[in-house]
Amino acid sequence: LVDVSVEASDLRSDRSNIGINGIVEGLAITGGNYYCEACDQNIDFESTGGRWLRGVSVTGVTIRSGPRAQGDYAVALSSIDGGTFTGNVLLDRGLQVYRTRGVVVAGNSIDALMTTNDGAIDVANQCDGAVIGVNSVRRRGVPGPLVKLAPNGKQPKPSGFASVGVFDPV
């Protein structure tokens with residue numbers, strides 16, 4: 001898929017609201033409200049065959065998860081090469097950034113009720129060039145970090161990582 005956009009949607013689902021599984025170049029998810037009663041992630045990016053999703057942006061989205069939602073993350077950004085996650089509101093769960101290059105996470109409001117000690121913003125595996133900018137993060141539930149950086153021992157150490165201005169408003 002090339003140059004796909006999802007704009008101002010109001011999606012309710014018992015599964016993931018948006019699931020990307022395959023090769024995508026140029027995906028923009030802009031605006032809208034997403035709710036899932038019992039999904040694993042509301043927005044779930046997974047590339048297949050070790051390939052990268054390129055040019056992904058998620059902007060101005062509000063996400064709420066139901067009481068039967070699985071796991072700590074409303075959004076899983078995975079296998080992305082060059083992307084932004086900006087100006088979003090995550091209520092109930094956090095953000096997972098996994099195996100990425102050049103991803104910017106900034107200007108978001110995250111209120112995460114965590115069930116593990118992973119980060120409310122959890123950056124893992126490969127995260128070269130990741131920028132975690134100014135985000136408002138509230139963590140409730142199991143104690144742990146607002147942001148956790150955990151590169152996989154089999155991967156090169158992250159390079160160009162910057163974390164600035166992440167704060168807990170409480």
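Residues take their numbers from the sequence shown, with the count starting at 1. Owing to the predicted nature of the structure, the values given are computational and were not obtained by experimental measurement.
- For the pair L113/D92, no side-chain contact is recorded, criterion being any heavy-atom separation below 4.5 Å from C-beta on.
- Shortest non-hydrogen contact noted between A74 and I63 is CB-CG2, 3.8 Å.
- Across all their heavy atoms, T86 and V104 have their closest contact at CG2-O, 4.5 Å.
- In this structure, the side chain of R93 engages the main chain of Y73 through a donor-acceptor pair within 3.5 Å.
- Put simply, the side chain of R138 never gets that close to the backbone of A112: no donor and acceptor are under 3.5 Å apart.
- There is no side-chain donor-acceptor pair under 3.5 Å between S78 and R99.
- A donor-acceptor contact shorter than 3.5 Å is absent between the side chain of D122 and the backbone of Q96.
- Follow the hydrophobic side-chain contacts under 4.5 Å out from M114 and you never reach V105; the two are in separate clusters.
- L77 and V4 fall within a single hydrophobic cluster, where Ile, Leu, Val, Met, Phe, Trp and Tyr side chains are chained together by heavy-atom contacts under 4.5 Å.
- With hydrogens and angles left out, the side-chain atoms of N42 and S65 include a donor and acceptor closer than 3.5 Å.
- Looking only at distances, a side-chain donor or acceptor of N88 sits under 3.5 Å from a matching main-chain atom of V61.
- Between atom CZ of residue F85 and atom CD1 of residue I121 there is a gap of 8.5 Å, rounded to the nearest 0.5 Å.
- Residues D111 and R140 come closest through the heavy atom pair OD1-NE, 2.8 Å.
- Smallest separation of non-hydrogen atoms from I43 and I29: CG2-CD1, 4.2 Å.
- A salt bridge links R101 to D81: one of the charged nitrogens lies within less than 4.0 Å of a carboxylate oxygen.
- Here the side chains of I18 and D44 are not in contact, with every heavy-atom distance at 4.5 Å or above.
- Side chain of N108 to main chain of G87: a donor-acceptor pair is present (N/O by atom type, distance under 3.5 Å, no hydrogens or angles).
- Residues L149 and V123 are in side-chain contact: their nearest non-hydrogen atoms beyond the backbone lie under 4.5 Å apart.
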